[in-house]
Amino acid sequence: MEDLKKRKLDEAGNGDFASKEELRFLIEPLAKPQLVDLLAKLGSQYPSIAEEIKSIASADPAHRKLFVRGLAWNTNSETLRAAFEEHGEIEEGAVIYDKVTGKSRGYGFITFKNMESTQQALRASSKLIDGRLAVCNLACEGLSGTSSAPDVSLRKLYIGSLSPEVTSELLLNYFARHGEIEEGSVAYDRDTNESRGFGFVTYKTAEAAKKAIDDLEKTLGGRNIIVKYADSNKGKTGQPPFPSGVVPMAGLPMTTGYMQPGKAHVSSGHPINYNYPQTVVPYSASPYPNPHIVPSPYPTQGQIPYPPLSAKKDQHGFPPTQPVGMNNYPYYYPKQ
């Protein structure tokens, strides 16, 4: 095999042009970063290669379709397309509506005609559409691609006690002083489109979110607002959910009564016999100290050995016997 590779490399070096099979033989061992650099270099030098790369990349609609979420309930398909037209020609764009109620579900899709426009829209900052900050990512990535950072629980904040007059734009402008915002809006009622008195803000960094929480000035719209992590449990690191040695009882199916042999146990759940969860406290963790042991003033006395007793035997070697119920009579010996 090594000889075959060496021979093909020698043949490729001797000729002015290499065949497609010879080039494929040389390209296959290359890693993906090497291929990307090679194609980028060739595309920048030769326009025909650049056009071929664009054509192949744009052939798959999955590389051109965006998922847009965080839309206001009153945002329609025309408004959505108008917000993304600055990045290039749009092939298709629509807001998704509920089939039963006919109301917006808060998200939609945009499909550009070429991949370049899609990449440009992804690199752009989040868009403010109808007073709400919309976020987009490739539709093929789903919700997993909405954020590139894994620490969302440390970047997403819950904002409570908001005044009805506070809009999403005011909310975002107020919290933008602490850092760049990835997404956020006031929560509105789907039927009345009125504020529900709270909202969410997600920063691009955990440091900006912590700065917003530590800020002592938390007044917006004439009210003192509440600022905390949207997921308070995940925001607290290093705190175990239960103390050591305690078994949670809420997650176990509990049934009444006990199992009896030979009888059917009537219950809606599975019988668990006597294995009820118990709180186990280690001996070393007992809150009561060990009592002080006082030595006895009297010396301990050991056991006194006694010689073993053996019953006397008759002349034939049989031990004396006593019938039942004759405790008050002399011993009875068997007849000779």
Side-chain angles (χ1 to χ4, degrees), residues 1-70 80-81 83-94 96 107-127 133-155 179-183 202-207:
M1 187 65 184
E2 295 295 329
D3 296 337
L4 178 61
K5 288 184 178 181
K6 187 176 181 181
R7 181 173 61 82
K8 287 185 175 290
L9 290 173
D10 293 337
E11 291 177 356
N14 294 332
D16 295 335
F17 297 97
S19 64
K20 184 177 180 180
E21 289 73 15
E22 291 172 341
L23 290 175
R24 183 183 296 274
F25 182 82
L26 295 173
I27 292 174
E28 282 181 352
L30 299 180
K32 182 179 178 180
Q34 293 176 303
L35 293 175
V36 172
D37 293 339
L38 177 61
L39 291 175
K41 182 179 179 181
L42 294 175
S44 61
Q45 294 178 355
Y46 303 98
S48 60
I49 296 179
E51 291 298 325
E52 185 69 17
I53 294 174
K54 293 178 182 179
S55 176
I56 295 175
S58 300
D60 189 355
H63 299 155
R64 299 182 282 113
K65 188 174 185 179
L66 295 179
F67 170 69
V68 187
R69 64 187 179 91
L80 177 64
R81 287 194 295 267
F84 284 88
E85 282 179 349
E86 60 176 317
H87 303 298
E89 187 177 356
I90 295 176
E91 188 176 274
E92 185 181 4
I96 304 302
Y107 65 88
F109 296 93
I110 289 289
T111 304
F112 286 97
K113 197 167 185 178
N114 57 72
M115 188 177 176
E116 284 180 306
S117 302
T118 307
Q119 295 299 322
Q120 184 180 346
L122 290 173
R123 288 192 297 268
S125 57
S126 302
K127 298 183 178 299
L133 199 62
V135 184
C136 66
N137 61 279
L138 283 175
C140 59
E141 295 178 352
L143 291 176
S144 61
T146 56
S147 179
S148 57
D151 56 343
V152 179
S153 61
L154 299 178
R155 298 186 294 110
E180 190 174 359
I181 296 175
E182 183 178 285
E183 62 177 304
T202 303
Y203 286 97
K204 287 194 173 182
T205 62
E207 291 76 14

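Using a distance-only test at 3.5 Å, with no hydrogens or angles considered, a donor-acceptor pair links the side chain of Ser126 to the main chain of Glu182. Checking side-chain atoms of Arg155 against main-chain N and O of Thr205 turns up no donor-acceptor pair under 3.5 Å. Not one N or O on the side chain of Ser58 forms a donor-acceptor pair closer than 3.5 Å with the backbone of Ser55.
The number of heavy-atom neighbours closer than 6.0 Å to CD of Glu92, taken from other residues, nucleotides and ligands shown, is 12 or below.
Nearest heavy atom pair, residue Tyr107 against residue Arg69, reads CB-CA, 3.9 Å. The heavy-atom pair separating Leu30 from Leu26 by the smallest distance is CG-O, 3.9 Å. Across all non-hydrogen atoms, the minimal contact from Gly43 to Ala50 is O-CB, 3.4 Å. The minimum heavy-atom distance between Cys136 and Ala121, with the atom names listed, is SG-O, 4.0 Å. Here the closest heavy-atom approach between residue Val68 and residue Phe84 is recorded as CG2-CZ, 3.8 Å. The two residues Ala206 and Asp151 make their nearest non-hydrogen contact at CB-OD2, 3.7 Å.
One distance of note links CG of Leu35 with CG of Leu39; it measures 6.5 Å at 0.5 Å rounding. Put simply, CD1 on Ile49 and NZ on Lys54 are 13.0 Å apart, with the number rounded to the nearest 0.5 Å. Distance check, rounded to the nearest 0.5 Å: CG of Asn114 to CZ of Arg64 gives 8.0 Å. In this structure, CG on Leu80 lies 10.5 Å from NZ on Lys127, to the nearest 0.5 angstrom. Distance NE2/His87 to CD/Gln120: 6.0 Å, rounded to 0.5 Å. Separation of atoms CZ (Phe112) and CD (Glu89) is listed at 10.5 Å; rounding is to 0.5 Å.
The shortest side-chain heavy-atom distance between Ile181 and Thr202 does not fall under the 4.5 Å cut-off. No side-chain heavy atom of Glu141 sits less than 4.5 Å from a side-chain heavy atom of Phe67.
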Chi angles and distances behind the side-chain contact (heavy atoms from CB on, under 4.5 Å) call for Thr118, Leu138: CA-CA 8 Å; Thr118 307; Leu138 283 175; 3.9 Å; yes
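Pairs of residues two or more places apart, or lying in two chains, never qualify as salt bridge (Lys or Arg N to Asp or Glu O under 4.0 Å) while including a residue from residues 25-36.
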